[in-house]
Amino acid sequence: MSYTVVYASKTGNTAFLAKSLAEALPGQDIVCLPAAGAQVPDSDILFVGFWTDKGDCDPDTAAFLAKLQNKRVFLFGTAGFGGDPQYFSDILGRVRAHLAPSNLVIGHFMCQGRMPDAVRRRFEALPPKEASKQLENFDRALSHPDDDDAAQLVRAAIGCL
């Protein structure tokens, strides 16, 4: 069985997960998007990683997913806001919508990822009550993804093989 790990990463969060997954799946290829000109790999399973942009996958991943036909796909991603399974589920639903119906999503994984300092500055400018909640989440995200997140991804992915 052949695998390809394809990912986009703005801050390094998804790259960390993708590389952890690639190390756990011997014999696979790893491809970093942007996908504008990327060829769709001829692999049995595609592990596609994304970063969250406004509640959906990033534009490069969306363009790549739209190219896929008749593929088995495992989706994995990072989002700055974590701790809410429904939020992750909503993101994954929007990401799946980029795939043609001929594709089969065999599994998925989401975890929190650290955000750039510019986001913290934006949160600090909010009204105090709202800023407190956002800054708490920002600080919680600083250590993610971590080795435990990577191990959970690997277990989820291998469990779908």
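For reference, positions follow the sequence shown, starting with 1. Computed over heavy atoms, backbone and side chain alike; hydrogens, waters and symmetry mates excluded.
In this structure, S20 has no side-chain hydrogen bond (donor to acceptor under 3.5 Å, both in side chains) partners at least two apart in sequence or on a different chain. Partners of F88 by ring pair (Phe, Tyr, Trp, His ring centres under 6.0 Å), not counting sequence neighbours: none found. Remark: D148 pairs with Q152 by the side-chain hydrogen bond (donor to acceptor under 3.5 Å, both in side chains) rule, at least two apart or across chains. Remark: Q86 pairs with D90 by the side-chain hydrogen bond (donor to acceptor under 3.5 Å, both in side chains) rule, at least two apart or across chains.
Here the straight-line distance linking atom CG of L161 with atom CZ of F74 works out to 9.0 Å at 0.5 Å rounding. Here the CG-CG distance, from L135 to L126, works out to 7.5 Å after rounding to the nearest 0.5 Å. One finds the OG atom of S89 at 7.0 Å from the NE2 atom of H108 (value rounded to the nearest 0.5 Å). Taking CG of D147 as the reference point, atom CZ of F16 lies at 4.5 Å (rounded to 0.5 Å). To the nearest 0.5 angstrom, I45 atom CD1 is 8.0 Å from S2 atom OG. Atom-to-atom distance recorded for Q69:CD and L99:CG is 9.5 Å, nearest 0.5 angstrom.
For T14 (side chain) and S9 (main-chain N/O), no donor-acceptor pair under 3.5 Å exists by modelled atom type. For R72 (side chain) and I106 (main-chain N/O), no donor-acceptor pair under 3.5 Å exists by modelled atom type.
Here E136 pairs with R140 in a salt bridge; the nearest charged N to carboxylate O distance falls below 4.0 Å.
Closest approach of C57 and L65 over heavy atoms only: SG-CD1, 4.3 Å. The heavy-atom pair separating G107 from C160 by the smallest distance is CA-SG, 3.8 Å.
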Determine, stepwise, if the pair F76 / F47 fulfils side-chain contact (heavy atoms from CB on, under 4.5 Å).
CA-CA 7 Å; F76 65 98; F47 294 92; 4.1 Å; yes
Might you work through the side-chain contact (heavy atoms from CB on, under 4.5 Å) test for I91 and M110, ending with a clear yes or no?
CA-CA 9 Å; I91 292 168; M110 289 283 303; 3.9 Å; yes
What do the steps show when you test F109 against L75 for side-chain contact (heavy atoms from CB on, under 4.5 Å), and what is the final call?
CA-CA 6 Å; F109 175 82; L75 298 169; over 6 Å; no
Test side-chain contact (heavy atoms from CB on, under 4.5 Å) on V95 and F50 and set out the steps.
CA-CA 9 Å; V95 173; F50 61 91; 3.8 Å; yes
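At least one side-chain heavy atom of L17 sits under 4.5 Å from a side-chain heavy atom of C111. Using a 4.5 Å heavy-atom threshold, the side chains of K71 and V40 count as touching. For the pair V48/T61, a side-chain contact is recorded, criterion being any heavy-atom separation below 4.5 Å from C-beta on.
Counting only residues at least two apart or on different chains, the side chain to side chain donor-acceptor pair (under 3.5 Å) pairs with a member in residues 45-57 are D56-H98. Applying the salt bridge (charged side-chain N to carboxylate O under 4.0 Å, His left out) rule to pairs touching residues 111-122 yields R120-E124, R120-D139, sequence neighbours excluded.
Exactly one of D149, N137, N13, D146 qualifies for a side chain to side chain donor-acceptor pair (under 3.5 Å) with Q112. That residue is N137.
Ring geometry, Y87 versus F81: the interplanar angle exceeds 60°, so the pair is classed perpendicular (tilted spans 30 to 60°). The aromatic rings of F138 and F123 sit perpendicular to each other, their planes meeting at more than 60°, with 30° as the lower class boundary.
There is a side-chain donor-acceptor pair under 3.5 Å between T4 and S43.
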